[in-house]
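Letters A, B, ... mirror the listed sequences (proteins, then strands); counts begin at 1. All heavy atoms count here, side chains included; hydrogens, waters and symmetry mates do not.
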There are 2 protein chains.
Amino acid sequence: MLAGFRTLADRATVELGRRGYPDVRPVHDFALHAIRSGAQNASELGRATSVTKQAAARTISTLEQRGYVSRQVDPADRRKMRLMITERGHSLMSEGEAVFEELRNQLELDVGAEALEQAEAVLRTLVGENAVRLDSPGWSTGGLDGDE
Amino acid sequence: MLAGFRTLADRATVELGRRGYPDVRPVHDFALHAIRSGAQNASELGRATSVTKQAAARTISTLEQRGYVSRQVDPADRRKMRLMITERGHSLMSEGEAVFEELRNQLELDVGAEALEQAEAVLRTLVGENAVRLDSPGWSTGGLDGDE
DNA sequence: TGATATAGACAACCAAGTTGTCTAATCTGG
DNA sequence: CCAGATTAGACAACTTGGTTGTCTATATCA
């Protein structure tokens with residue numbers, strides 16, 4: 001079947017909820033990662049996550065409400081709102097990584113180390129191929145045009 | 001990263017669009033499969049796909065609009081609307097399977113037959129584990145309660 | 001027969017996206 | 001140096017797939 005990753009992400013979400021981050025979804029973690037690795041404002045975040053800047057701004061604002069990031073006007077360019085990950089944001093991220101690690105370990109127990117690595121390699125190939133064209137927003141919902 | 005299956009499903013969607021089924025999403029195919037393997041009305045479909053009956057009814061009605069299923073009152077129990085997959089519905093499904101087959105073959109070329117099988121086995125384990133508790137609606141959106 | 005359960009419809013809502021329009025700030029080029 | 005273009009971000013309206021909650025019609029059970 002095809003629900004593999006969904007499964008993983010869902011479990012991580014539930015587990016994170018159990019550990020005191022009840023209102024976090026995969027998207028949020030995803031966004032935090034993008035911010036940590038360089039996206040400093042809404043537009044950049046949008047580009048980094050292949051989403052319109054409006055959607056990114058929305059994600060940011062919920063992240064801000066929940067206390068995971070803070071925003072302040074960029075002194076150098078006053079159009080921009082510079083993003084910073086808060087303490088709580090950082091602990092969410094490390095907790096998230098820990099949870100993932102645990103899930104991965106569990107799976108490794110179930111299935112064997114080699115098998116798991118093999119599987120990861122395959123999946124990497126799969127996403128690697130189209131990482132090239134992570135452009136076009138709306139790959140999952142709207143689009144469907146298939147860029148002829 | 002973790003977008004492996006998404007990737008696969010998205011590509012299949014795009015490819016199907018290209019082949020004359022432009023308004024089909026993974027959900028729809030998923031629902032058709034559930035119907036084919038026994039779900040005869042909205043409530044059953046909902047149960048089968050771990051979704052409320054209302055959501056299922058909605059999916060059905062778009063599927064009906066697009067001409068993939070038809071509905072008629074069940075003569076034996078006039079509360080029920082019996083579902084039938086139309087000709088077009090069947091061809092969608094086989095086209096869908098063909099596309100998937102092709103994608104799988106492509107991946108097999110890229111990565112080798114054994115590796116692919118191994119990966120599939122791992123993923124099967126992953127989803128298999130929690131197939132047991134495919135109950136609780138809302139695993140992906142609302143929930144988060146983690147059934148304490 | 002009457003209480004209860006089930007099927008499905010309808011309405012209101014949510015989350016995460018999308019467009020499209022708009023203002024404010026910055027950049028660029030004549 | 002200033003006019004025009006570009007960019008950042010906000011706001012509003014809409015879409016999809018899902019959720020409750022309420023309601024009617026039909027079945028079923030005691």
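B:T59 comes within contact range of the sugar-phosphate backbone alone, with a heavy-atom separation under 4.0 Å but no base atom that close.
Taking 4.0 Å as the cut-off between side-chain N and carboxylate O, A:E95 and A:R18 do not count as a salt-bridged pair. Between B:K80 and B:D74, no side-chain nitrogen of the basic residue sits less than 4.0 Å from a carboxylate oxygen of the acidic one, so the salt-bridge criterion is not met. The pair A:E97-A:R36 counts as a salt bridge, with a side-chain nitrogen and a carboxylate oxygen less than 4.0 angstrom apart. Salt bridge absent: B:E44 and B:K53 never bring a charged side-chain N and a carboxylate O closer than 4.0 Å.
Formation of a donor-acceptor pair under 3.5 Å by the B:S91 side chain with backbone atoms of B:E87 is found in this model. Without hydrogens or angle criteria, A:T86 side chain to A:G67 main chain gives a donor-acceptor distance under 3.5 Å.
Rounded to an integer number of Å, the gap from CG of B:L45 to P of C:dT6 is 18 Å. The distance between atom CD1 of A:I60 and atom P of D:dC11, rounded to the nearest whole Å, is 14 Å. In this structure, CG of B:D10 is placed 13 Å from P of C:dG17, rounded to the nearest angstrom. Atom C1' of nucleotide C:dT18 and atom CZ of A:R58 are separated by 10 Å, given to the nearest angstrom. In this structure, CG of B:D23 is placed 14 Å from C1' of D:dT16, rounded to the nearest angstrom.
Partners of B:H90 under the side chain to side chain donor-acceptor pair (under 3.5 Å) rule, at least two apart in sequence or in another chain, do not exist in this structure.
Residue whose closest nucleotide on DNA chain C sits further toward the 5' end, between A:A76 and A:V27: A:V27.
There is no path of hydrophobic side-chain contacts, each under 4.5 Å, that joins B:M81 to B:Y68. The cluster map of Ile, Leu, Val, Met, Phe, Trp and Tyr, joined by side-chain heavy atoms under 4.5 Å apart, puts B:Y21 and B:L103 in the same cluster.
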Sugar-phosphate atoms are those with a prime plus P, OP1 and OP2; base atoms are the rest. Using that split, label each nucleotide of nucleotides 3-9 of chain D B, S or - for protein heavy atoms under 4.0 Å, 5' to 3'.
-> ----BBB
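One finds a side-chain N or O of B:T52 lying less than 4.0 angstrom from the OP1 or OP2 phosphate oxygen of D:dT19.
Taking a pair as Watson-Crick or G-U wobble with both distances under 3.5 Å, the runs of three or more consecutive pairs in DNA chain C are C:1-30 with D:1-30.
Checked by distance alone, B:R25 brings no side-chain donor or acceptor within 3.5 Å of a matching partner on the base of D:dG17.
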